[in-house]
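Each ligand, and each atom within it, is numbered from 1 in the order the structure gives.
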Amino acid sequence: MADSLILSRRDLDFLLHEWLQVETLTERERFAGHDRETFDAVLDLAAEIATEHFAPHNRKADENEPHVVDGKVVLIPEVAAALKVFGEAGLAAGTLPEELGGMQLPQVVSKAATAWFQAANVGSSAYPFLTMANAHLLLAHGSQEQIDTYVRPMAEGRWFGTMALSEPQAGSSLADITTKAVPQDDGTYRLTGTKMWISGGDHELSENIVHLVLAKIPGGPAGVKGISLFVVPKFLPEGDGLGERNDVVLAGLNHKMGYRGTTNTLLNFGEGVHTPGGAPGAVGWLVGSENRGLAAMFHMMNEARVGVGLGATALGYTGYLHALEYARTRTQGRPPAGKDPAAPPVPIIEHSDVRRMLLAAKSYVEGGLALGLYCAKLVDEETTADTEDARARAHTLLEVLTPIAKSWPSQWGLVANDLAIQVHGGYGYTRDFPV
Ligand SMILES: Cc1cc2nc3c(=O)[nH]c(=O)nc-3n(C[C@H](O)[C@H](O)[C@H](O)COP(=O)(O)OP(=O)(O)OC[C@H]3O[C@@H](n4cnc5c(N)ncnc54)[C@H](O)[C@@H]3O)c2cc1C
């Protein structure tokens, strides 16, 4: 089989096995059911599904942004079809515990599989990866009832999840959020407010959407110390199915420069468009304890930050592989030592400046992939290392590295793609090449 232009399996194998020694994780109880063969099988499956079901509609999804018709978000049909294959393959539950139908994979192997989807089609892949991070948060901070209600259908790929932190007036400074959650006699809360930028915030791709929402309970402390976390589903769960429509509605779509296939939404909570239980207000359930919401939300945010960094790396990686392939096949000019016009032109990879560009791009994307997978392995260490000391060390290292794992590849993955465009010369300026 020809080498993939989506991602390098050789590089992934090198990082996972020769560098991170992920097979040693199988000595731990949580991963004892795995071995090199099962890890390889997951990566093979990811590569196959990414190549056959995600990559083919990457460009089409980019060119046909989500739009709203009669209040519903319309996406090209290939997105739902690809996500169905993803869910049916069990990949939505890759890292989840076996009792929830998961594969109980180490994070590091799961993130390596994730990179295939991000490189193939970053827009479509965001839905399941947000959902997985949402499920991980609920597993860490939710009640057993919340886990049973929300994580199971997410593990089955039927419900998707979001994180709703940002507001139009409060992005970097979450202390300034104004979404309000008022306690009710039945133990639920009613939320009102507006959330901005919510990825995957509305669509028809899943039966339900599980929003994890930051809001303030009136009378609580000012600033971030008064932020609580709520689970607010689009449809209220009822038995094993769906009940009333909750009072959370799409107010508009944001039109981004990238990740275009991922809907990005302005959501109104508690506008009174729907009246669950006969009253306006979005029904929510507290996750964890009151006023401890931001700390809990960091569980999902941190996973998303490493995921965003890996996404940027993956985009740079596939750009680099396409540039490498182009440089091997595009002939132009002759080497300085052989200027005979009668000699045939050489592949441009033989020109040292083209090599410089390719090597620079290669170093950025290989470095970004290494950083992302290293962080994912730290998550495994943080949760399953044998000693308290080792777990604490992994936790501290992750705190330092997580913002870097998001921002460094986001900056240098773009530079890698800039170089990939330049390797294509004037052709790189057209929209005919996937760079
Ligand atoms: C594609 C995309 C997807 C997103 N998905 C989600 C999502 O799913 N859920 C969600 O809740 N949010 C999401 N966000 C929102 C994202 O978290 C915010 O954009 C981010 O927090 C920044 O907020 P802002 O855009 O309001 O910028 P601002 O906070 O207004 O910042 C503007 C500029 O000022 C700088 N700045 C702000 N404060 C300071 C300061 N104190 N010191 C120095 N510089 C400062 C910032 O660094 C930035 O350069 C998404 C955003 C994007 C672009």
(Q) My understanding is that we take every heavy atom of each candidate and find the minimum distance to atom 46 (C) of ligand 1. Doing that for S172, G201, S199, which one comes out nearest? (A)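 Closest candidate by heavy-atom distance is S172.
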(Q) Can you give me the closest heavy-atom contact between I209 and G201, atom names plus distance? (A)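 Distance-wise, the nearest heavy atoms are CD1-O, 3.8 Å.
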(Q) With side-chain contact (heavy atoms from CB on, under 4.5 Å) as the criterion, how do F39 and V22 come out once you've worked through the C-alpha distance, each side chain's angles and the decisive distance to 0.1 Å? (A) CA-CA 9 Å; F39 291 163; V22 298; 4.1 Å; yes
Q: Before giving the answer on ring pair (Phe, Tyr, Trp, His ring centres under 6.0 Å), spell out for H299 and H141 the whole-Å C-alpha distance, their side-chain angles and the decisive distance to 0.1 Å.
A: CA-CA 9 Å; H299 199 100; H141 297 281; 5.6 Å; yes
Q.
Side chain, backbone, both or neither: which applies to N264 and ligand 1 if a contact is any heavy-atom pair less than 4.0 Å apart?
A.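 Answer for N264: side chain.
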Q. With a 4.0 Å heavy-atom cut-off (strictly under), which part of K195 contacts ligand 1: side chain, backbone, both or neither?
A.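 Contact part for K195 vs ligand 1: neither.
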Heavy-atom nearest neighbour in the protein, as seen from [atom], with distance rounded to 0.1 Å:
{"atom": "atom 26 (O) of ligand 1", "result": "G171 CA, 3.4 Å"}
{"atom": "atom 25 (O) of ligand 1", "result": "W197 NE1, 3.8 Å"}
{"atom": "atom 10 (C) of ligand 1", "result": "S166 OG, 3.4 Å"}

Regarding ligand 1, does [X] bring an N or O atom to under 3.5 Å of one of the ligand's N or O atoms?
{"X": "S173", "result": "no"}
{"X": "L165", "result": "yes"}
{"X": "M163", "result": "yes"}

Q) Is it true that a side-chain atom of T402 and a backbone atom of E399 form a donor plus acceptor pair closer than 3.5 Å? A)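 A pair under 3.5 Å: no.
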Q. E88 side chain to E156 main-chain N or O, any donor-acceptor pair under 3.5 Å?
A.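 Here the side-chain-to-backbone pair does not exist.
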Look at the aromatic rings of [X] and [Y] and report parallel, tilted or perpendicular, splitting at 30° and 60°.
{"X": "Y364", "Y": "W412", "result": "tilted"}
{"X": "Y320", "Y": "Y317", "result": "perpendicular"}
{"X": "F117", "Y": "F86", "result": "perpendicular"}

Q. Below 4.0 angstrom, N of the basic side chain to O of the carboxylate: do D3 and R10 qualify?
A.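 No, no charged N to carboxylate O under 4.0 Å.
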Q. What distance do Y429 atom OH and I421 atom CD1 have between them, rounded to the nearest 0.5 Å?
A.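 Rounded to the nearest 0.5 Å, the OH-CD1 separation comes out at 10.0 Å.
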Please check if a non-hydrogen protein atom sits closer than 4.0 Å to [atom].
{"atom": "atom 30 (O) of ligand 1", "value": "no"}
{"atom": "atom 44 (N) of ligand 1", "value": "no"}
{"atom": "atom 14 (N) of ligand 1", "value": "yes"}
{"atom": "atom 48 (C) of ligand 1", "value": "no"}
{"atom": "atom 6 (C) of ligand 1", "value": "yes"}
{"atom": "atom 40 (C) of ligand 1", "value": "no"}
{"atom": "atom 34 (O) of ligand 1", "value": "no"}

Q) Will you find, in the side chains of N268 and T194, an N or O donor that is under 3.5 Å from an N or O acceptor? A)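 The criterion, which ignores hydrogens and geometry beyond distance, is satisfied for T194 and N268.
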Q. Which atoms of ligand 1 sit under 4.0 Å from any heavy atom of K256?
A.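 Result: 1 (C).
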